[in-house]
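Input: a single structure, listed below in structure tokens.
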2 protein chains.
Amino acid sequence: MAAPQNSHPDYSPLIRKLESIFALTDDERQALLDLPMQVAVLAEDQDIVREGDRPSRSFTILSGFTCTYKMTGDGKRQIVAFCIPGDVPDVQSLHLKVLDISVATLTPCSVGFITHEDLWDLCMRYPRIAAAFWRETLVEGAIFREWVLNVGRREAYPRMAHVLCELLVRLRAVGLAQDHACNLPITQGEFADALGITTVHVNRVLQQMRADGLIELKGDRLKVPDWETLKQVGDFDPIYLHLVQERPAA
Amino acid sequence: MAAPQNSHPDYSPLIRKLESIFALTDDERQALLDLPMQVAVLAEDQDIVREGDRPSRSFTILSGFTCTYKMTGDGKRQIVAFCIPGDVPDVQSLHLKVLDISVATLTPCSVGFITHEDLWDLCMRYPRIAAAFWRETLVEGAIFREWVLNVGRREAYPRMAHVLCELLVRLRAVGLAQDHACNLPITQGEFADALGITTVHVNRVLQQMRADGLIELKGDRLKVPDWETLKQVGDFDPIYLHLVQERPAA
DNA sequence: CGTCCAGTTGACGACCTTCAAATAGAGTGG
DNA sequence: CCACTCTATTTGAAGGTCGTCAACTGGACG
């Protein structure tokens, strides 16, 4: 399914993310642009890496949505993170040899693979970039913690509201949301796996949220008419996302 | 409540953990021993740091048990991790200025504070130690992921079994468990907050597990008469703990 | 115009919560 | 050594959130 390409890889999502953390020097930016990256275009619902793999490279999402998930022994799936352009869902494999998660595309995606060797070399030569990657994995950890809280201690309705808030804020941070609307190519079954509930219940919750005027969700399009209320219902405080200088919504 | 001390701080839990990752050089070990550390002895049920804090130092647990937790807006608590000697529950604060979690003692504890300045300096001078800390935060992230799966997709009974398995394996890795028994100073209310269920239900589950001969749990003492079955019931595979060269159980 | 998949709906049941109260165990003071 | 207190644990009954099962609808696509 992969269609490897090497012409003009577009580093902008990753570079944009790093620049939101600290101002890159010209040297650092050039080093990132010089980073050998193999671009692949993937269809939706494809595994990019699988639990148990021992990858020799990591990848960054250039466009499209992916999710990180795990399976129980009896075949139930839990999505533990939604990944969006600029993310590097398996940086961990740089230090941890065996993957404890799988990553799958939710939409057609273009991803850029970078060998651990090149990535390691980059980190050694540019400690500030290494620190930024480290920081990113820490933010990822903070999001996992919030998800444990969300799944463990919030009921389905606020739990869904919380995840919607998180997605909207994260998408806004990478320029993929306008005001309080965004494309959200996530099926109800995928929400179910992320929230730890069933598709049927996701459906009921979403309908209730529509009836309550909290969201307008049709096809891939999400609009949030009343952001403040959604935040409140979802008990959402974006601090855990550790966004540096988020642009205030219009 | 804190009784600061500076005589003979015992770095062994932290050093032992780092040595389980890679062999320290004499230089590296000495640098760790030279690290200024302020030791504090804390009573049980004390917050060490709190969500929203902007700490100027991190701490490592020298002895005792702590937990990392978060609260919902309506006051429900979720424990997102149990921390044991050798852990550094808030290394993240080295990169993320505002804490998104609180850390509390579960037992009387002795903890060692290290300023971010000293820690940062150590990381800059000894990149392998920096990498080891980074690695540790990645393992922490892997554990959070497993907890999302555990809370999201396993019922109370296997969920409890899974957490017990994790605790026993982690304690064994730092020498705090013999065979299949260990001290486990965790109340049922604390288990409830970790599993995302109620104290009442924890109690029922534990009794069922005792009746099924899976565990012997009395006071602070846990014995596991049938490790294989407990592992199987808890759907537990220790890969996500990324232990390097775990000592096989006797 | 048939197929396929996401979304939707209803009835029923299970897991777990809530509320309330009883019991046990550890530590304290008389 | 025996109350007394405080907390952790235990137990029972009733109810709610959510799961299961099964069927149906609707839009996209060829």
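Residue numbers start from 1 in every chain, and the chains themselves are labelled A, B, ... in the order their sequence lines are given, proteins ahead of strands.
Of the candidate nucleotides dG19(D), dT9(D), dT18(C), dT18(C) has the atom nearest to the side chain of Thr198(B). In the set dA20(C), dT9(C), dC16(C), dC16(C) carries the atom at the smallest distance from any side-chain atom of Ile197(B). Closest to the Val200(B) side chain, of the nucleotides dT9(D), dG7(C), dC19(C), is dC19(C). Between dA6(C), dT9(C), dC18(D), one nucleotide has an atom nearer to the side chain of Thr187(A) than all others, and that is dA6(C).
Remark: P of dC6(D) and CG of Asp45(B) are 16 Å apart, rounded to the nearest angstrom. The distance between atom CZ of Arg221(A) and atom C1' of dA6(C), rounded to the nearest whole Å, is 20 Å. Atoms CG (Asn203(B)) and P (dT18(C)) sit 16 Å apart, rounded to a whole Å. Whole-Å rounding puts the Leu217(B) CG to dA24(C) P distance at 18 Å. For Ile186(A) and dG7(C), the CD1 to P distance is 11 Å, given to the nearest whole Å. Atoms NE2 (His201(A)) and P (dA14(C)) sit 18 Å apart, rounded to a whole Å. Atom P of nucleotide dT17(C) and atom CD of Glu155(A) are separated by 10 Å, given to the nearest angstrom. Distance CE (Met209(A)) to P (dG7(C)): 15 Å, rounded to an integer number of Å.
A 4.5 Å side-chain heavy-atom check between Asp87(A) and Pro85(A) finds every atom pair outside the cut-off. With a 4.5 Å cut-off on side-chain heavy atoms, Glu166(B) and Trp147(B) count as touching.
When each of Arg204(A) and Gly219(A) is assigned the nucleotide of DNA chain C bearing its nearest heavy atom, the one mapping closer to the 5' terminus is Gly219(A). Each of Val205(A) and Lys218(A) was assigned the nucleotide of DNA chain D with the nearest heavy atom; the assignment lying further toward the 5' end belongs to Val205(A). Judged by closest nucleotide on DNA chain D, Gln207(B) is the one of Gln207(B) and Val202(A) placed further toward the 5' end.
Counting any heavy atom pair closer than 4.0 Å across all strands shown, Arg210(A) reaches sugar-phosphate atoms only and no base atom.
Taking the ring centre of Trp227(B) as origin, the terminal cationic atom of Arg172(B) falls inside the region bounded by 6.0 Å and 45° from the ring axis.
A salt bridge between Arg50(B) and Asp47(B) is present, with a side-chain N of the basic residue lying under 4.0 Å from a carboxylate O of the acidic one.
The closest donor-acceptor contact from the side chain of Thr105(B) to the backbone of Cys109(B) lies at 3.5 Å or more, if one exists at all.
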